[in-house]
Amino acid sequence: MKLEGLILDESDIIQDTKINRSTGETETMGKINLITTNPTDKIQVTVSPELWANGKAGEILKRLVGNRHQYSIQYKEMSFGDKDGKHVALNGFHLFELPQIKGQ
C-alpha cells in the first residue's frame, strides 16, 4: 500500500542488526518511526537488509526528514517454530521500496 507519512527527526531512522534464521549470519537493517496522516498514527516500519544496503537507505531517508512523502509499505504476518520448538508469531510494517525524492 502507498501511504503518506512523515519522518519527524533523524533520530527516527534507526540502524539495527538481526540474525538471518536461514544462514545464521548477522545482517544490518533499518527501522523508521513514521507518522501517518488520515488517521494520524505513529508506526514503526522495518527496512530489509537488502533495501537498507549497509546504511545507504538511511542516508536517503535522512533527506526526507520533516517533509511528507509517499511510502510503499507492506503489512506482513508470519509464524514459525523456534529452535526450542516454541511457536513464534511476528507481524509489522515493511518498506518495500525507497520513496522517490522530488527533483531526482
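As a basis for the values below, the full set of heavy atoms in this structure was taken, side chains included, without hydrogen atoms, waters or symmetry mates. Since the model is a prediction, treat every value here as computed from it, not as a measurement.
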Linking I/L/V/M/F/W/Y whenever their side-chain heavy atoms sit closer than 4.5 Å, directly or via other members, would [X] and [Y] fall into one cluster?
| X | Y | answer |
| --- | --- | --- |
| Y71 | L51 | yes |
| M1 | V47 | yes |
| V65 | V45 | yes |

Decide, yes or no, whether a salt bridge links E25 with K18 under the criterion of side-chain N to carboxylate O below 4.0 Å. no
SB check E59 K62 (cutoff 4.0 Å): yes
For residues 4-12, run the donor-acceptor check on the side chains, cut-off 3.5 Å, and write out each pair with its distance to 0.1 Å, sequence neighbours left out.
| unit_1 | atom_1 | unit_2 | atom_2 | d |
| --- | --- | --- | --- | --- |
| E4 | OE1 | R68 | NH1 | 3.3 |
| D9 | OD2 | S11 | N | 2.9 |
| D9 | OD2 | S11 | OG | 2.8 |
| D12 | OD1 | N33 | ND2 | 3.4 |
| D12 | OD2 | D9 | N | 3.2 |

Closest non-hydrogen atom pair between [X] and [Y], with its separation:
| X | Y | result |
| --- | --- | --- |
| Q70 | P99 | O-CB, 3.5 Å |
| M29 | S48 | CB-C, 4.4 Å |
| L95 | I73 | CD1-CD1, 4.0 Å |

L98 side, atom CG; I60 side, atom CD1 - distance, nearest 0.5 Å: 5.0 Å
T28 vs Q15, side-chain contact (heavy atoms from CB on, under 4.5 Å): CA-CA, chis, key distance, verdict: CA-CA 7 Å; T28 304; Q15 182 167 294; 3.5 Å; yes
Evaluate the criterion side chain to side chain donor-acceptor pair (under 3.5 Å) for residue pair K31 and T46; output intermediate values, then yes/no. CA-CA 4 Å; K31 295 179 183 176; T46 302; 6.0 Å; no
Using atom types as modelled, flag every donor-acceptor pair under 3.5 Å from a side chain in residues 84-93 to any protein atom, sequence neighbours excluded.
| unit_1 | atom_1 | unit_2 | atom_2 | d |
| --- | --- | --- | --- | --- |
| N91 | ND2 | Y75 | OH | 3.2 |

Do you know which of I13, I43, L64 makes side chain to side chain contact (heavy atoms under 4.5 Å, CB included) with I32? I13
Audit row: E27, W52, side chain to side chain donor-acceptor pair (under 3.5 Å) steps and yes/no: CA-CA 10 Å; E27 298 177 320; W52 188 251; over 6 Å; no
Could you walk me through whether Q74 and E97 pass side-chain contact (heavy atoms from CB on, under 4.5 Å), step by step? CA-CA 10 Å; Q74 179 181 19; E97 70 180 4; over 6 Å; no
Do L3 and T37 touch side chain to side chain, with heavy atoms closer than 4.5 Å? no
